[in-house]
Amino acid sequence: MEGKEQKRHQHKHSGPKAEKKRKKQQKEHGVEQEQDERKKNPKAFTVRSAVRMARNFHRTQDIKTKKHHIPLVDRTPLEPPPVVVVVMGPPKVGKSTLIRCLIKNYTRQKLADICGPVTIVSGKKRRLTFIECNNDINTMIDLAKVADLVLMLIDASFGFEMETFEFLNICQVHGFPRIMGVLTHLDTFKNTKSLNKTKKRLKHRFWTEVYQGAKLFYLSGMVYGEYQMREVKNLGRFISVMKFRPLLWQSSHPYVVADRMEDLTDPEAIRLDPKCDRTVSLYGYLRGTFLKNKGQVHIPGVGDFSVEDISFIPDPCPLPETLKKRALNEKERLLYAPMAGVGGLVYDKDAVYIDMPGSHVKQQEEEVRPTAELVQSLMGTHTTLDAKMAASKVSLFTGSAALTPDDVQDNSVKQGPVESRVWDPETQRERRKAVFTEEEEDDNSEGSDEEESDQEDEEEMESAGEDDDDDDDDDDDDDEEEEDGDEGSKQQVGEEEKKSKMTAAPPTKRQKLEENGKEVKGGMEMPAFADSEDELEKSEDEEEDKEEDSEDEDEEEMKEEEEKKEKKKSSAPPDSGHCSEEEDDDDDDEDDDDDDEDDEEEEDDDGDDDDDDDDNDDEEEDESEKKQQVNIKTPALKPKKKEKEEKEEKMDAEDELEEEEAELGADTVGALQWKSNLAQKATEAFLKRQRSAPNLRKLVYGTVVEEEEDAQNKDDEELGGLFRVTRPEKNKKVRADAVDCSRFHPDAGHDWEDEEMLTSIRDCFVTGKWEGDKDAATLLKEDDEVYGDFEDLETGEVHKAMGDEAEEDDDDEDEEKEEEEAVVVKFDDDEAKKNKRLERKKRLKERFDAEYDDADATYFDDLKEEMQKQAELNRAEFEDMDDEARIQYEGFRPGMYVRLEIPGLPCEFVTNFDPHYPIILGALGASEGNIGYLQMRLKKHRWFNRILKTRDPLILSLGWRRFQTIPLYHIEDHNGRHRLLKYTPEHMHCGASIWGPITPQGTGFLAVQTVAGTQANFRIAATGVVLDLDKSVTVVKKLKLIGYPYKIYKNTCFVQGMFNTVLEVAKFEGASLRTVSGIKGQIKKALRTPPGAYRATFEDRVLMSDIVFLRSWYPVTVPQLYNPVTSLLLPVGQKDTWTGMRTVGQLKHDLGIRNHPNVDSLYKPVERQKRHFNPLHIPKELQKALPFKNKPKFHEAKGKTPRDLQRPAIIREPHEKKVAELLTALSTVYNYKNKKAHVEQREKHKDFLKQKEKQEEEKQRRLKEERKKVYRAMGQKEKKKLKSSLKGASKNE
Amino acid sequence: MAALSYDGCNFFRQRLILSTLSGKRVKIREIRSREDEPGLRDFEASFIRLLDKVTNGTRIEINQTGTVLFYQPGLLYGGSVEHECNLQRSIGYYLEGLLMLAPFMKNSLKAVLKGVTNDPTDPSVDLLKATAIPLMKKFGIDGEGLEIKVVKRGIAPHGGGEVHFSCPVRRTLKPVLLTDPGKIKRIRGTAYSVRVSPQMANRIVDSARSILNKLIPDIYIYTDHMKGASSGKSPGFGLVLVAETLNGTCLSAELSSTPQGRGDQMLPEELGKNCAKLLLEEIYRGGCVDSTNQSLALLYMTLGQQDVSKTLLGPLSPYTIEFLRHIRDFFQIMFKIETQTADEDQQKGGDKVLMTCVGAGYTNISKSIK
């Protein structure tokens, strides 16, 4: 290698590159030069024209501001979802080939069938999802809404096709994604010239459609059925570095492009009714923005559905974790396409095949059959064990829906603390018990299967030992709450729960759970609302525990509780502490601990002489008290004990004592584990106790109201099936019907007369003490130190500020002393001082910078900075939270891989599933699920070759939706009236009103007349934008009422035939009228007879033949048709055949109905008859009176000349004839000769003229020369003269 | 979409307002079903009527006894509205609702509300004027249109007051970052009296000052004695105090005299002192938002852009807590609630609560574009 000399790089000395470089260099120097010039010669650079200067300035400013976009808050997540690349083009243009090539380029894998979205990791920070778009207009519309980048394939040998333009127009309407053109079939050109010509032509056409300079890529030809490697690689690079702009609709709506679909419906239900509604889970990356749980989504082509459950699962196609390496290694080039069979499954019409991929194909969490599960779990090495466990599935019966831990978790999530209402006959009130279904489940399982539960206990023990005591505290909490409730009811509920759980959680699952006890435990902790992960909550719980520790006896306990309550009153103002006892129950949330305790207390107070039940309660409490004592010591044993407790609630106290002993024995087992970090625990506990704040989160969100339980209770109350016991329900009802007031009544405990209380708020006022960094005194001092004096470090001298000494005197002595000390002890703490000074200087500099920069900042910069700050805040706020907690606050982040469970989907969605059609789940915003009237601005597309008719159904694509509706077109008159139009204007915008889904204003839409099949013509009928939403419309149409005059007195006229009754007329009194001839008038008064006639006045006399009309406006109603296009539900292969309501024209055409128009309305050929005019008759008298000039003249026609006046004809003699002939011959000859001579003469003359000219020229030349000579001589003479005179002058001088 | 279902008439306004804003239908059952007089009260019916006036296309179904209400919201329309508020509750009851809805209307709202301006139960118009308006300005709802004007003062029980409220419309609200309430720089207030001796107001002022002067010298309390037509139908007096901080936070307290015929009358001196104490209590609670307006601030935070908003509040009132739950029901927004304990050396009152949320990305769908 060393022997081979590397050729050195030669810099270019000529050519455009070198030129550019030189210019650049010159420019660098030139700036200075220019400035120098300006300094040297300032006058040359002054303003020549103020107007020109102003114009120039304006122009530059215009250009500058044009570049500005309104700054938006950057909400892109840290790990963005894969970029959706839609590959679009007419059929047979090479879409699949291109995707295949690109996938091969990125992942080195071959994908046989492109089917559904294909997700790949394309780089260190980017993933791509390729979707092929077929030529169904439904697909084109749907994909245009979710695309980030469109690869628009164009067959260069054919040119542009209609689909391309249609797709471009669709894109324009729904926010314009990045579009890159790709020309294929370039190898069909044999001639380079024609190839170049075509390229140029296509490029310019493409530019006019997209934007000037839009990227158009050329794929020159195929090699072995694939595009050339180099070109594909280049294209791949372009894609991976492309930047995207946020689109309005996409960035404000979360959406998922589903890449996996599972049918979760109970197979038994399907067997019974094959057409039953299906529950389906859809998987995909969440894009757009945060998605909230329990929202509504629209699936284009299917309809609106509410999401039952959302959960996020580990990313099947994650980005590489470390970013050290330059390029991705083979293992990181992942490919995920479950619909295409790479995820492990191949979807066919009605069967699922498992694909066993090659060695480096990433394993996905697709395990349906046990065999596959085993193999795949062995092969998958990328994910960690727990990730895999989370993704694993178990199917209970063959063909049934597989269960994931998500499902298991979900169940537990949903059932946090469930409230069960129990009627307590003793206290005559309803008690609300929080039932933790997880525990119930555990109980039940324990009852049924002891061994398993034991195992589980052990598992939990271990896990608990690993975790710190927090978890256990939770359990304590649960315990308490459990105990609060009534037992009998608990059993009841428990039994029910058991039943449900038995179906939901079968033995196989249990095994699974055991395997990864820890994992499941983590899942169970997930519930956000109640199940106390919160630190605050823990703190409180623990506090209680500690307090309970100290109390040993019942009486003491009572006291303690009261004390506690009081304590809370002071410490926890938001709680019910301020209210009276009764109100306590109202305002407080059902599950709050305090409340429960209060309840207990009440109970204890009243129910001393109650029967066993109550006593039992008390006893239990005692027990729990004792146990908690123990629990503090043995945190690891908590879960076990809890379960035991529940199991043996009915047991005697003695038994329990034994139990305790046994547990204490077991205690020693886990002793080492809990001893390990005692000190730490102690400190933690202390800190938590310090924070006496109530757990607000639980207080606010910790309740789940269960309506069903309530209903059940009511049934129980029935007596003999006829009557119902009604009791005044104090507890709940008082709360529910309390006074609705936002006033927050003050705490009675505070006595503001007290000086101590006053001091507690003294610092809230400006007169109080300030914080260190804001205190005026300290700031002043700081400034003094910075500006006032400084110290020369080299010499050790202290310089004082100029006028500082006077101030210095005013300063405290201390400070002086300090300074003195500084001089003395300077060398000791030199370093520290230096640092301090540096810091201060830095701060000063920052302040200066801020001020300096601010002076130059524009509004735009400020705005940008503000947005930047907000973006940073958004990122930072929830960054250090774990995902489970984070989704509670934010919702699901874009970029997460989510699973959405949607119930109630029509069965056709599953049975007619075709992975070639994209499934998009577009979430709907607040009130976007409602329907109302929309007013929109609409323009017929200029390429659509017909105008649109009012009330003809039209298919609109608006928001996520495609639907058929009946629009009314209208135009706004000058006075704001919306006048109905029968047809859309041809080249103008008009208004359109439809009945449809509420969509935010400013959303674009497009309209097509039909989505079925392909047509030769351009399919997009109209485009527009939503202007206004309303629940009523104000479109009117013109209505002319016609009447006939039947009596006319001068300007007054009686009109009939316009109305039918007097009442009608009365309504129109004062309305303005007009006649056909143009006379205006007014309705005056109704007449009694004939009914409907009235008196009107006009500005002129009306003729009987005239027609009177009244112009009025009649409100039109918009037909309420909203028919979503359900194209995805159609059978495979017929998905592009959706037809909705037909237009009147189509109906007539299909049914063969022909309209018979009014004969009078038909056009007939115009026949014009010839007109005859009678002669003008002038009376004789008048004729006489007329001057001669105007008198009618009666000329007689000219007769024939009489024969005698006619001249005789000349007849020559033969001799004369000959003479005449000779004469003519001679004259002819003469004429000829003359002519010839004349020509000759002219020739000669021409020559002569030429000669003369020449001579003249010669003469002129000669003259010129002579003149030249003369002048020269003269000049010389003159010169001489001048010289001599100069000489003379100089000599003279 | 199934309607959200609630029991009982408590938090009646919250439910209807959030339903109107979110477009979700709501069904309220068992409204005072066990009471001697079951069903909706007049003032609630009046509130529904007011909602009907400011919306378009609202569907309201009430059963025979008035114990079940079904509410399907329409679009907020706004415009000029005149409403005769029921005398059982003061105008504040209605105005609180309108404040929440007003920025999201189609046309800017110009409401004329007639009825009781001041009563002991509800926050009075003066209080809302002093606290809610500055709060709204922080969310970007400002401009010349935003105003509450007390034209006539009507004291409970017979009312006769008139209030003009106007508010401009906004398409989106700004996210806020109200974490530092700042120090109180001054205290302002209004002592009003109608149909009683004008001296009452002066007596109130003196007594209130006697307490507050210990803490800050910059106190000015206006006396507002209305006469004749603008004095309503019943006699009464009261005091509203507002503490303004350097950062523009307004904390306030109010107290008004017992309505005629409903118990023992309070002396003006006593009222002034008690009101001053209430203000101190409010200051003790602290936060960047007054305790009456907590829910308003939280609503605006929820309806903001999809950005993080933070507000420091005093202890949450029960009303606010229920409001937070309702927000979760209607908008699926949960707040991060952090408690800030008071510093040992700083004497700044009780514990504060820092509320953080990501806005719902709400846009005013009623506002039309031209």
Side-chain angles (χ1 to χ4, degrees), chain A residues 73 75 252 289-290 292-296 306 536 573-574 587 691 693 696-697 699-701 728 733 735-738 740-744 746-747 750 752 758-768 870 873-874 877 888-890 926-927 929-930 932 998 1000-1002 1027-1032, chain B residues 1 7-13 22-23 32 34 56-57 74-75 96 121-123 175 183-185 214-216 277-278 280-281 283-284 286 291-292 295 306-308 315-319 321 324 328 332 334 336-337 339 341 346-351 353 356 358 360-363 365 368-369:
Chain A
V73 179
R75 297 197 182 92
S252 60
T289 175
F290 299 111
K292 297 277 180 329
N293 209 340
K294 300 254 183 327
Q296 245 196 333
S306 57
L536 297 164
D587 301 342
R691 279 191 275 163
L696 278 171
R697 185 177 169 222
L699 180 74
V700 175
Y701 293 120
K733 288 305 157 197
R735 186 188 140 269
D737 289 339
D740 176 18
C741 176
S742 66
R743 267 270 173 88
F744 187 13
D747 194 341
H750 294 161
W752 292 103
L758 284 181
T759 49
S760 72
I761 56 165
R762 199 164 286 283
D763 286 347
C764 293
F765 295 88
V766 281
T767 48
Q870 185 67 48
L873 179 70
N874 290 354
E877 183 59 34
Q888 295 289 335
Y889 298 124
E890 281 185 321
S927 74
N930 296 348
I998 298 284
Q1001 316 88 333
L1027 291 183
D1028 200 0
L1029 312 166
D1030 217 333
K1031 294 277 181 183
S1032 56
Chain B
M1 220 174 23
D7 277 2
C9 68
N10 204 358
F11 312 112
F12 179 78
R13 286 179 297 166
S22 69
R32 299 193 183 92
R34 304 292 164 97
N56 181 14
L75 287 167
E96 274 186 309
T121 34
D122 284 305
K183 303 238 182 227
I184 293 163
K185 58 177 177 185
K214 292 176 200 163
L215 290 161
I216 193 161
K277 284 176 191 169
L278 284 180
L280 295 182
E281 173 74 29
I283 292 166
Y284 180 81
S291 65
T292 16
S295 46
Q306 290 208 321
D307 290 319
V308 170
L316 302 179
S317 67
Y319 187 80
I321 288 171
L324 284 169
R328 191 188 57 186
Q332 278 92 41
M334 265 177 71
K336 189 166 126 187
I337 307 170
T339 330
T341 41
Q346 288 272 323
Q347 288 153 347
K348 287 188 144 185
D351 293 352
V353 184
T356 311
V358 180
Y362 187 84
T363 53
I365 53 163
S368 57
I369 52 169

### Query
Got a second to check how far B:Leu316's CG is from A:Phe744's CZ, nearest 0.5 Å?
8.0 Å

### Pairing residues for A:Ser1032 by the side chain to side chain donor-acceptor pair (under 3.5 Å) criterion, not counting sequence neighbours
B:Asn56

### Query
Side chain, backbone, both or neither: which part of B:Tyr362 has a non-hydrogen atom closer than 4.5 Å to chain A?
side chain

### Message
If you compare all heavy atoms of A:Leu758 against all heavy atoms of B:Lys214, which two are closest, and at what distance to 0.1 Å?
### Response
CD1-CD, 3.8 Å

## Note on the structure
Heaviest contributor of heavy-atom pairs below 4.5 Å to chain A, chosen from B:Lys185, B:Arg32, B:Arg13, is B:Arg13

#### Entry: Between B:Gly361, B:Ala360, B:Pro175, B:Gly286, the one whose heavy-atom pairs under 4.5 Å with chain A are most numerous
B:Pro175

### Query
A:Asn874 versus chain B, heavy atoms under 4.5 Å apart: side chain, backbone, both or neither?
both

### Task
Drop me the distance from A:Lys292's NZ to B:Met334's CE, to the nearest 0.5 angstrom.
11.0 Å

### Task
Identify which part of A:Ser742 has an atom lying under 4.5 Å from any heavy atom of chain B, answering side chain, backbone, both or neither.
both

### Query
Do you know which two heavy atoms are closest between B:Cys9 and A:Ala738, and how far apart they sit?
SG-O, 4.3 Å

### Summary
If you tally heavy-atom pairs under 4.5 Å between each of A:Thr759, A:Ile998, A:Thr767 and chain B, the highest tally belongs to A:Thr759

### Task
Provide the closest heavy-atom pair for A:Gln870 versus B:Val308 in the form atom of the first, atom of the second, distance.
NE2-O, 2.9 Å

### Among the listed options A:Gly295, A:Pro1000, A:Gly1002, A:Cys764, the residue most often paired with chain B at heavy-atom distances under 4.5 Å
A:Cys764

### Engaged part of B:Gln332 at the chain A interface, taking heavy atoms whose separation is under 4.5 Å
both

### Message
Do B:Leu324 and A:Tyr701 have side chains that approach each other closer than 4.5 Å (heavy atoms only, starting at C-beta)?
### Response
yes

### Region of B:Thr292 in contact with chain A, defined by heavy-atom distances below 4.5 Å
both

### Message
When you compare the side chain of A:Arg75 with that of B:Asp307, does any pair of heavy atoms fall below 4.5 Å?
### Response
yes

### Contact leader toward chain B among A:Ser306, A:Ala926, A:Ser252, A:Cys741, where contacts are heavy-atom pairs under 4.5 Å
A:Cys741

### Summary
Interatomic distance, CD1@B:Ile337 vs CZ@A:Arg697, rounded to 0.5 Å, equals 8.5 Å

#### Entry: Contact class of B:Leu278 relative to chain A, heavy atoms under 4.5 angstrom
side chain

### Atom pair CG (B:Asp122) and CG (A:Asp740), whose distance is rounded to the nearest 0.5 Å
8.5 Å

### Query
Is there a side-chain contact between B:Leu215 and A:Arg762, using heavy atoms and a 4.5 Å cut-off?
yes

### Summary
In this structure, CZ of A:Phe765 is separated from CD1 of B:Ile283 (nearest 0.5 Å) by 3.5 Å

#### Entry: Between CD1 on residue A:Ile761 and CD on residue B:Glu281, distance to nearest 0.5 Å
9.0 Å

